[in-house]
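Order of the sequence lines sets the chain letters (A, B, ...), proteins ahead of strands, with each chain counted from 1. In what follows, every heavy atom counts, from backbone to side chain, and hydrogens, waters and symmetry copies are set aside. As the structure is a prediction and not an experimental result, all values here were calculated from the model.
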Amino acid sequence: MTAAAPTSEQDQEKIWEAYAVLDRGASDSALVVDVDGFEGPLDLLLELARSQKVDIARISILALADQYLAYIEKIRSLRLELAADYLVMAAWLAYLKSRLLIPEVSDGEEPTGEELAAALAFRLQRLEAMRDAAARLANRDRLGRDIFSRGDPEPVAITRKNEYSATLHDLLAAYATQRQEKAIAVVTIGARAVWSLQDARHALTRLVGHVAEWTPMEVLMSPYLSSLGMRRSVTASAFGASLELVREGKLELRQTEPFAPLYVRDRTPLALVSSETGNG
Amino acid sequence: MANSAAVMIAVDNDANAQSQSPEEWRQSLRMIEAMLFASAEALAAEDLASRLPEGADVAGLLADLKETYATRGVNLMQVAGKWAFRTAGDLKFLLAREAVEQRRLSRAALETLAIIAYHQPVTRADIEEIRGVATSTGTLDVLLESGWIRMRGRRKAPGRPITYGTTEAFLTHFGLDTVADLPGVDELKAAGLLDSRVPANFTIPEPGATEGLAPDEDPLDEADLLGDSTPR
Amino acid sequence: MANSAAVMIAVDNDANAQSQSPEEWRQSLRMIEAMLFASAEALAAEDLASRLPEGADVAGLLADLKETYATRGVNLMQVAGKWAFRTAGDLKFLLAREAVEQRRLSRAALETLAIIAYHQPVTRADIEEIRGVATSTGTLDVLLESGWIRMRGRRKAPGRPITYGTTEAFLTHFGLDTVADLPGVDELKAAGLLDSRVPANFTIPEPGATEGLAPDEDPLDEADLLGDSTPR
């Protein structure tokens, strides 16, 4: 069934117009079919078949072919353009007609005229069946048009509930890890309370020029030794800083023996020897 | 009173259900009634069962309820394999004001929809063969957009054309339980009119189930699922 | 069958309604059923009457219908003078669904929970002091939601901060008899959870009682028990 090449739906419009013209111009035509338009040659054939007012299953394909050919001739006589597939169908029907009229010997290869006719009848029946089915479908009680669901459905309230899971091991591990980390963190914070070398140097520099007599370092640094944890840091940094200032010739240091108190004073021009002692 | 017939049947069913006492049966009926009434959408029997007492005869309960409501203004219907209450069809005249505006399908679209429904899985070429006209892209688009048809897979044939079928929304909208319930489907099948070939070689295909693939169908390619829904 | 009672009443009403034959009465009942079912809101008797056959006894019909549905899963109710179907009160539970989501506690929540368990009764400030970081409200909320901690009381201290402790559910979930069963330093070390080199002065408290109040604790205020459970 390849004869009827599909035609596009836009072309239908042309045909419809053609048909309207035909309908008006040829009211004596035996083929008055009142439809909106044809959707291709098969559709036209179906309408013609229906106009025979007999069961499509028992339609005379020969008569139908004649009708179609006459119809096409009519349109052409009105000098209306016809889509190619209508002409192809016409040619095919003319061929079918000749096959049906001339008795033939079946060679087993080519389908017989009867077989071709049967195939066309089948297509027409099938198309009609689908038309009917579409109509029956459209006329069913349709949801939202004919039958209705609950207009005010009662919503299902979904309560979200979280369920948590954790094992005792998770719990203890989290606790132990956290407490342990915190224990170490305390030490780290202690390290922050270091009196830097720079702090010490800054403090000592401010004293330079005011320490004429030997004065214990501890006394000079006493304002900074107040906080308990700072003692070592202050002592170490003050010592370091004082060494730098001695090297720069700003201070002198004196210590009588290891771990004995460290004395500081401004450097005097005569005190060259004293600086040797600064090696505690 | 037509209702008494329904009541009789309900009582019979009660007697048959050995696992549930009449009181339990009645309570289960009430529960199903409540769940189905509250929902605008159809509910699967399994969904209902999950909220009923263990071992409840859901099929029996639904049959009972369907019978009870058969003569009433609201009927229990099977749609798309699920259950739902719907207003009775003969009362549509009353409910015009509830009607939502319907998508108006062109004749071509409606015909195409019918062909897809009765012949599924079908390719675009199949549809054109049946209608004898080229199918405009717009027609399939409109149907895809309506949610009534979907791309099912690809035919195992040269060019691997896309196959179309109907959806659950189609069944729901047209009040069908399965595609086997399409009007006149049995007669059409018997007449060989759902066949893609001339009735000479008379093999009658079932209108395939909407789920799963036919033997000559492949699943859709990934690209089909990602890209726009319009087949070229 | 409770329904037969309803049928009886319907028959009685039929007899009373002189203007309508039993068949008309039944049809009017169906119409009301369908209208109420399909309507998005409750309908006044007048609304119904305007769509029923002339002279229908709307009040009688509604009474009949109300009776019919009284024992069913859906009831006909009068809401603010209008009529609507509603799920029977005892079946409302069917319309609630619980979505349980399994969740794991965050590290912060686990730490906080452990601190509450070991150090109870603790205030939020205590927890922050131990953890060295601010505790987000979310963390305590999650723990309160889990049901493993509770607000115990208020510390007898400036600001009267709320104290937290663990619950029965906590003990049950973690398989503990009492909080005193929580392992001590040595046990934690033995389990490899604590480094053996922790400072000698490292201690963990022996958890206090979960019941009753500590000497420095006041009971919760009434407002704590009424208001939302989230302390600011």
Side-chain angles (χ1 to χ4, degrees), chain A residues 1-12 35-46 57 83 85 89 111 115-116 118-156, chain B residues 34 36-42 74-75 77 79 84-92 95 98-102 105 107-108 110-115 117-119 128-136 138-139 172-176 182-185 187-188 191-195 197-200:
Chain A
M1 295 317 302
T2 51
T7 185
S8 86
E9 283 171 16
Q10 282 105 320
D11 289 343
Q12 293 160 25
V35 286
D36 285 342
F38 295 123
E39 300 201 42
L42 201 62
D43 187 26
L44 172 55
L45 267 174
L46 186 57
D85 50 351
M89 176 63 93
E115 280 167 352
L116 291 174
L120 178 60
F122 170 69
R123 285 195 72 191
L124 289 171
Q125 278 186 50
R126 188 175 59 177
L127 179 60
E128 188 180 50
M130 283 302 108
R131 293 260 161 93
D132 290 348
R136 288 168 81 172
L137 207 53
N139 290 328
R140 278 187 74 80
D141 282 343
R142 286 158 70 174
L143 184 63
R145 188 188 75 174
D146 310 306
I147 60 171
F148 298 89
S149 58
R150 180 82 184 269
D152 185 18
E154 292 172 62
V156 171
Chain B
L36 289 171
F37 232 85
S39 172
E41 272 99 57
V74 175
N75 304 149
M77 287 180 61
V79 283
F85 276 117
R86 299 278 190 255
T87 56
D90 65 316
L91 298 176
K92 67 185 86 167
L95 303 168
E98 312 293 348
V100 289
E101 206 177 317
Q102 299 285 318
L105 286 187
R107 187 178 125 181
L110 198 57
E111 218 170 278
T112 304
L113 176 63
I115 291 167
Y118 283 80
H119 291 260
E128 293 180 346
E129 151 83 19
I130 293 169
R131 295 190 63 225
V133 215
T135 305
S136 78
T139 304
T172 305
H173 182 82
F174 290 96
L176 297 162
L182 283 164
V185 75
E187 294 92 304
L188 290 174
L193 290 172
L194 296 185
D195 202 334
R197 280 166 211 283
V198 253

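Looking at B:Glu129 and A:Arg126, a side-chain N of the basic residue comes within less than 4.0 Å of a carboxylate O on the acidic one, giving a salt bridge. Using a cut-off of 4.0 Å between Lys/Arg side-chain N and Asp/Glu carboxylate O, A:Asp146 and B:Arg86 are scored as not salt-bridged.
Comparing A:Asp152, A:Leu45, A:Ile147, A:Asp132 by heavy-atom pairs within less than 4.5 Å of chain B, the highest count is held by A:Ile147. Interface summary for chain B: among A:Arg136, A:Arg150, A:Glu154, A:Arg142, the most heavy-atom pairs under 4.5 angstrom belong to A:Arg142.
Taken from CE in A:Met89 to CG in A:Leu44, the straight-line distance is 8.5 Å, to the nearest 0.5 Å. A distance of 10.0 Å separates CD of B:Glu128 from CD1 of B:Ile115, quoted to the nearest 0.5 Å.
In this structure a side-chain-to-backbone donor-acceptor pair under 3.5 Å is missing from B:Thr87 to B:Val74.
When heavy atoms are compared at a cutoff of 4.5 Å, B:Ala84 does not approach chain A at all. Heavy atoms of B:Ala88 lying under 4.5 Å from chain A belong exclusively to its backbone. Heavy-atom distances place the side chain of A:Arg140, and not its backbone, under 4.5 Å from chain B. Heavy atoms closer than 4.5 Å to chain A are found in both the backbone and the side chain of B:Phe174.
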